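Because the structure is predicted, anything quoted here is derived from the model rather than measured.
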Amino acid sequence: MTKRLLAAALVAGFLAACVASVLQFALTSPLILAAEKYETAEAVAPATRHAFANPLIVLAHSGHGSAGHDHGGEPQWQPAPGLPRLAFTALATLVSGVGYALLLGAVLVATGRAVTPSEALRFGIGGFLAASLAPAVGLPPELPGIAAAALESRQLWWVATALATAVGLYLVAIRRGPVAIALGLALIVAPHVWGAPHGPDEISAMPPVYAAQFAARSLAIGFAFWAVLGLAFGWAWEAVAGTKGATRRSEVAA
């Protein structure tokens, strides 16, 4: 079971990362490069921190990393512009994709659901809602040069929102009892009642359309990522089972 889970996660994570990386290169990278032109010397958030948004992938919801922050006056390392940055982003997407695929598979198995492409896709959409869309309601994906609250407070709110939404979706969609549904809805709403942390209000020279396009495109990429992740995991899970079955039949025949 463990080997099957790992094999399916590796395949799903790789395929989802390939799709997401291509979409990022085509849709969000041009906006990041354009926004860098408006970034001032006082900005503390270089573009590399905006390739992702959630602290784990942050593929589905960009803008909440901290790669470019200075600590004690010493700037942290960041990949050089061009190919190194693209390669680093793709690698981070791949690692995150495999991690999310492992989590997706573990949840599927733990809930006792049949692991099929269609069922894995449903859970993948749930992952998008929990890890991307719900956090984006309070902390939308951000371009470079936009003032933001402290990293720690944003990460705490993101993790709390993702966990609360995931548990809430489980209660509403799987447990389905009246009490479970009420509790699930309360968990989904709670982080937004609490409220996301926001930075100081500052006027940016960057055209607002850039920020709007970046947020929309980041969420679209996140949806594609999770959809491919779910479908690929379900397909790989069945493919691994079929391969093992064929091997056993050939061994018996021999």
- After noting the C-alpha distance and the side-chain angles of T116 and W237, does the key distance pass the side chain to side chain contact (heavy atoms under 4.5 Å, CB included) rule? CA-CA 8 Å; T116 63; W237 182 273; over 6 Å; no
- Any T111 side-chain heavy atom under 4.5 Å of Y170 side chain: yes
- salt bridge (Lys or Arg N to Asp or Glu O under 4.0 Å) against R113, all qualifying residues, sequence neighbours excluded: E119
Taking distance alone, no hydrogens or angles, what donor-acceptor pairs closer than 3.5 Å link side-chain atoms of residues 159-169 to residues at least two apart or in another chain?
from, atom 1, to, atom 2, distance (Å)
T161, OG1, W157, O, 2.7
T165, OG1, T161, O, 2.7

- Working for side chain to side chain contact (heavy atoms under 4.5 Å, CB included), residues L133 and W226: CA-CA 11 Å; L133 187 59; W226 280 102; over 6 Å; no
- Message: Please evaluate residues F14 and L94 with respect to the criterion side chain to side chain contact (heavy atoms under 4.5 Å, CB included), reporting the C-alpha separation (whole Å), side-chain torsions for both, the decisive distance (0.1 Å), and the verdict.
- Response: CA-CA 6 Å; F14 175 77; L94 175 60; 4.2 Å; yes
- Query: When rounded to the nearest 0.5 angstrom, what is the spacing between CZ in F223 and CG in L23?
  - Reply: 12.5 Å
- Message: Tell me the closest heavy-atom pair linking A7 and V240, and the distance in Å.
- Response: CB-CG2, 4.1 Å
- Approximate separation, where rounding is to 0.5 Å, of F225 CZ and C18 SG: 11.0 Å
For a quick test of your reading: what N or O donor-acceptor pairs under 3.5 Å do the side chains of residues 176-197 make, sequence neighbours left out?
from, atom 1, to, atom 2, distance (Å)
R176, NE, A173, O, 2.7
R176, NH2, A173, O, 3.3

- Item | pair F25-T89: side-chain heavy atoms closer than 4.5 Å | no
- So how far is it from L102 CG to L10 CG, rounded to the nearest 0.5 Å? 7.0 Å
- Intermediate values then yes/no, side chain to side chain contact (heavy atoms under 4.5 Å, CB included), F233 and F123: CA-CA 11 Å; F233 185 89; F123 274 69; over 6 Å; no
- Working to the nearest 0.5 Å, report the span between CD1 of I174 and CZ of R122. 11.0 Å
